[in-house]
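Basis for what follows: all heavy atoms, side chains included, without hydrogens, waters or symmetry-related copies. Each chain gets a letter, A, B and so on, in the order the sequences are listed, and its residues count up from 1.
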Protein chains: 4
Amino acid sequence: MAEKRQLTRRGRQRRDKLLAYATTRFAENGYHPTSVSDIVDGVGVGKGVFYWYFDSKDQLLEEILRDALRDLRTTQAAAIADATDPLQRLEAGIRASIRWSAANTDIIRLVNFGWSEESFADVLRRGRDIVVTDTAHLIEQAVDLGQIMEGDPVMMASAIRAVIDQLGQEYALGNGDVDPEMVETAVRMCLRGLRG
Amino acid sequence: MAEKRQLTRRGRQRRDKLLAYATTRFAENGYHPTSVSDIVDGVGVGKGVFYWYFDSKDQLLEEILRDALRDLRTTQAAAIADATDPLQRLEAGIRASIRWSAANTDIIRLVNFGWSEESFADVLRRGRDIVVTDTAHLIEQAVDLGQIMEGDPVMMASAIRAVIDQLGQEYALGNGDVDPEMVETAVRMCLRGLRG
Amino acid sequence: MAEKRQLTRRGRQRRDKLLAYATTRFAENGYHPTSVSDIVDGVGVGKGVFYWYFDSKDQLLEEILRDALRDLRTTQAAAIADATDPLQRLEAGIRASIRWSAANTDIIRLVNFGWSEESFADVLRRGRDIVVTDTAHLIEQAVDLGQIMEGDPVMMASAIRAVIDQLGQEYALGNGDVDPEMVETAVRMCLRGLRG
Amino acid sequence: MAEKRQLTRRGRQRRDKLLAYATTRFAENGYHPTSVSDIVDGVGVGKGVFYWYFDSKDQLLEEILRDALRDLRTTQAAAIADATDPLQRLEAGIRASIRWSAANTDIIRLVNFGWSEESFADVLRRGRDIVVTDTAHLIEQAVDLGQIMEGDPVMMASAIRAVIDQLGQEYALGNGDVDPEMVETAVRMCLRGLRG
DNA sequence: AATGAATGAGACTTCATTCAT
DNA sequence: TATGAATGAAGTCTCATTCAT
C-alpha cells in the first residue's frame with residue numbers, strides 16, 4: 001500500500017528524509033537497537049508518519065538495500081561505458097565501485113548486517129548477484145582475450161567485490177572522499193592478481 | 001560473575017553445548033531474532049541455566065566472537081610455524097585461514113553481524129587488529145626482502161583478509177571442506193597481486 | 001455539529017451511502033475491526049468527508065441503531081393498524097417483525113454487538129423498550145379479554161422478540177425473503193404458548 | 001504453546017483468575033475496549049503473565065466461549081439424565097438452561113458479542129450447533145410420540161434457545177438466582193407452543 | 001544447581017481524529 | 001467542500017532478565 005501511494009513533492013521529501021535518517025541511525029546504532037521511535041523522533045515527526053510512508057521497519061531496510069544496490073549498479077554501468085577494452089572496463093568499474101563504497105560507508109555496514117538475517121539476505125542475494133554477474137562477464141571477456149588468467153569468473157568477481165567493500169569502507173576519509181593510495185592498492189591487488 | 005565461576009566437568013560441557021547451539025542459531029536466524037528461550041529450549045535446559053553460565057545474551061556473543069578470533073590466530077600461528085621465508089609463511093597463513101573460514105562459516109556470519117553494532121564491533125576491532133597486524137608484519141618482512149611491492153602493509157593485509165573471509169564463506173562445501181580450486185584462486189589473487 | 005448540518009441533495013446521498021456501506025461492513029467484519037479508512041476507501045471518498053457528515057465512528061453506529069429501531073417501530077405500527085382485535089394485532093406485528101428481521105440481518109447483527117458495549121446498549125435500551133412496550137400493551141389487552149393466559153406482559157413480549165430476532169436472522173433467505181414455514185413456526189411458538 | 005503448558009496448581013489458579021477477571025471485564029466493558037493491560041492490572045500481575053498463560057487476547061475469548069458452551073452442555077446433560085420421557089427431558093433441559101443462563105449472564109453477553117466477529121462466530125457455531133442439536137433430538141423423539149406438533153426440530157430448538165438466553169439474561173437476579181415466575185413463563189412459552 | 005513463572009520496559013503497529021492545502 | 005498527510009495515544013505482544021520454589 002504505502003509502496004504505491006502517489007506522493008506530492010513535499011511527501012517525497014519527507015519520505016527521503018526518513019529514509020536518509022534511518023540509514024544513518026541503522027548504520028551507527030545497528031538495525032535492531034534503532035527503534036521506529038528513534039527515527040521519527042530524530043526527524044521530528046509523529047510515529048504514524050513512518051507507517052504512512054513505509055509498510056514496516058523491515059520493509060524500510062529492504063528498500064534501503066535494494067535502492068543502494070541499484071544505485072551501485074547504475075554507477076558502475078556509467079563508469080565503464082566509455083572504455084571498450086574489457087580490462088580497462090574492469091579497472092574503471094573497480095575505481096567507480098571503490099568511490100561509491102567510500103561514499104556509502106553507511107550502506108556497506110547495513111549490507112553487512114543484512115547478510116546476517118535471512119529475509120534481508122534474500123534481497124541482497126538478488127541485488128549482489130547482478131553486480132557480481134556484471135563483473136564476471138567482463139572477466140570472461142578478458143579471459144577470452146587472454147588478458148587475464150583462467151579461473152572461475154564468478155569467484156574472481158566475488159573476491160574483487162570483497163576487496164572493494166572492505167577497503168572502501170575502511171579507508172573512507174569521510175564526506176565521500178577516498179585515500180587515492182588506497183584506490184591504487186585495491187586496483188593493483190585485483191588486476192595484478194588476475195593478469196596471466 | 002559467571003565469567004570466573006569454577007565449573008565442574010559437567011558444567012563445562014553444558015556451557016559448551018549452549019555456546020555451540022547459540023552460535024548455530026545466531027548464524028542461521030540472526031542474533032536478535034534468536035531469543036534466549038530459543039537457545040535454552042533447543043539445548044533442553046531451563047532458563048536459569050543460561051544465566052548461571054553467562055551474564056547476558058550480549059556477553060555470550062562477545063565470548064563467541066572473542067573465542068573465535070583467538071582460535072583463528074592460534075590456527076594461523078601453527079600453520080606458519082614450519083616455514084621461514086616470509087612469502088611462504090604468508091601463503092601458509094592464507095591457506096590455513098581459508099580452511100578455517102570454510103570450517104567456521106557460522107562464525108564469519110556472526111562476525112559480519114558483529115560489525116553492525118558498536119558494542120560487538122569493539123570486541124572485533126581488538127581481535128581483528130591482532131590478526132591483521134600479524135599478517136601486516138609478514139608483509140613488511142617480505143617487502144624488506146623485495147619479495148613484494150611496496151605499499152601500506154595494513155591495507156594489504158586487510159584486503160587479503162577480505163578475500164579470505166568472502167571466498168571461505170561463499171565456497172565452503174559444508175562439513176568444513178573447501179573447494180581446492182577456490183583456495184588456489186584466493187592464494188593467486190592475493191600473492192600475484194602483491195608480487196613486484 | 002454534523003448532526004444539524006443542512007445538507008444538499010448530493011450531500012444526503014453521500015451520507016446515506018456512507019451509512020449503508022458502514023452498516024454492511026460492520027455487520028460482516030465487526031464494528032471495531034472495521035476502520036474509518038475501510039469505510040471511506042470502500043465508498044471512494046476522502047477521510048474528511050466522513051467527519052463532515054458524522055461526529056465520530058461511535059456516533060455513526062449509534063445513528064444506525066437508532067434509525068433501525070425507529071424503522072422497525074414504524075413498520076410494526078403500520079402492520080397492526082388494520083386489525084382491531086388484540087390477538088390479531090399481535091400476530092400481525094409478529095409477522096411484520098419477522099419479515100423486517102429477515103430483511104435486516106445486518107442490523108440484527110449490529111444490535112447484537114451493540115448490547116456488548118454500554119454506550120451502545122444505552123441507545124438500544126431506549127429503542128427496544130419502546131418496541132417491547134408496544135407489544136406488552138397488546139398482550140395486556142389480550143389478557144384483559146381473556147384471550148391469553150396471565151403473566152408478566154413485558155416478559156412475554158421480551159420472549160417474543162427473542163424468537164423473532166433469532167429466527168428472522170437465522171432463516172433469512174437473503175435479499176430480504178423469508179422461509180414461510182419459519183414464519184408459521186414463530187407465530188405458532190409465540191401464540192399457542194400464550195393462549196390460555 | 002501456552003495451550004499445552006503443564007501447569008502447577010498455583011499456575012492453574014492464576015490462569016483461572018485471569019480467565020474469570022477477563023470474562024467479567026469483557027462483559028462489563030466490551031471485548032475491544034478492555035485492554036490486556038486492564039486485565040493484568042486488575043489481577044495485579046505483570047503483562048507477561050498474560051502471554052505466559054494465553055497465546056493472545058483473541059485466543060482467550062475463544063477459550064472462554066468454548067469452555068462456556070461445553071459447561072452448558074454438561075449441565076444440560078446432567079439435568080435431563082433422570083427423566084426418560086422426551087417431553088419431561090425437554091422441560092428439564094429448559095429449566096437447567098435458564099438457571100445456567102441466569103448464573104452466567106456475563107457469558108451470554110460475550111456470546112452475543114462473539115456473533116459479531118467471524119473468528120469468534122466460528123467457535124460459537126460449532127458449540128451452539130451441538131447444544132441445539134441435542135435439543136432438536138429430543139424434539140424429534142417427542143414428535144414421534146405425538147407429544148408435540150410437527151415442524152422443523154432445529155428451528156424449534158433454535159427458538160427455544162433464544163427464549164432461554166433472553167429471559168435468563170434479562171431476569172437474572174444476580175448471584176445466579178432466577179425469578180421463579182420467569183422460569184415458568186419460559187417453560188410455558190416453549191412447551192405450550194410445541195404441544196399439538 | 002535447576003526450573004520456569006513472573007516481570008515490565010519497550011518494540012512494532014494501528015487507527016480515530018485533525019487540519020493544512 | 002474535499003483530500004489525504006499528519007498526529008500520537010493506545011493496543012498487542014516479545015523478551016532479556018530475575019527470583020521463588
Separation of atom [atom1] in [X] from atom [atom2] in [N], rounded to whole Å:
X: A:R25; N: E:dA11; atom1: CZ; atom2: P; result: 12 Å
X: A:D41; N: E:dC12; atom1: CG; atom2: P; result: 12 Å
X: B:L60; N: F:dC15; atom1: CG; atom2: P; result: 16 Å
X: B:F26; N: F:dC15; atom1: CZ; atom2: P; result: 13 Å
X: D:N29; N: F:dG11; atom1: CG; atom2: P; result: 11 Å
X: B:Q59; N: F:dA16; atom1: CD; atom2: C1'; result: 14 Å
X: B:F54; N: E:dA2; atom1: CZ; atom2: C1'; result: 16 Å
X: A:Q13; N: F:dA6; atom1: CD; atom2: P; result: 11 Å

Check this for me: does any side-chain nitrogen of one of [X] and [Y] sit under 4.0 Å from a carboxylate oxygen of the other?
X: C:E63; Y: C:R70; answer: no
X: D:K57; Y: D:E62; answer: no
X: C:D106; Y: C:R109; answer: no
X: D:R12; Y: D:D16; answer: yes

Apply side chain to side chain contact (heavy atoms under 4.5 Å, CB included) to D:L124 and list each qualifying residue two or more places apart in sequence or on a separate chain.
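Here the qualifying residues are D:L65, D:L69, D:V111, D:W115.
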Please classify the nucleic acid contact of D:V45 as base, sugar-phosphate, or nothing, using heavy-atom distances under 4.0 Å.
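If one applies the 4.0 Å heavy-atom cut-off, D:V45 turns out to touch the sugar-phosphate alone, with no base involved.
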Side chains of B:D41 and B:Y21: do they bring a donor and an acceptor to under 3.5 Å?
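Side chains of B:D41 and B:Y21: no pair found under 3.5 Å.
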Once pairs are restricted to Watson-Crick or G-U wobble with both distances under 3.5 Å, how does DNA chain F read as a dot-bracket string, [ ] for crossings and | for other-strand pairs?
.||||||||||||||||||||
A:Q169 (side chain) donor-acceptor with A:D165 (main chain) under 3.5 angstrom:
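Not confirmed, A:Q169 side chain does not pair with A:D165 backbone.
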Using only atom types and a distance under 3.5 Å, with no angle test, would you say the side chain of D:S116 pairs donor to acceptor with the backbone of D:N112?
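No; judged by distance alone, with no hydrogens or angles, the pair does not exist.
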Pick the closest DNA chain F nucleotide for C:T8 and for A:T8 by heavy atoms, then say which residue is nearer the 5' end.
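Result of the comparison: C:T8.
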Scan nucleotides 13-21 of chain E nucleotide by nucleotide, 5' to 3', and note B when protein non-hydrogen atoms come under 4.0 Å of the base, S if they reach only the sugar-phosphate, - if neither.
BBBSBB---
Suppose we call two aromatic rings close when their centres sit under 6.0 Å apart. Are A:F26 and A:F113 close by that rule?
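No, they do not, as the ring centres are separated by 6.0 Å or more.
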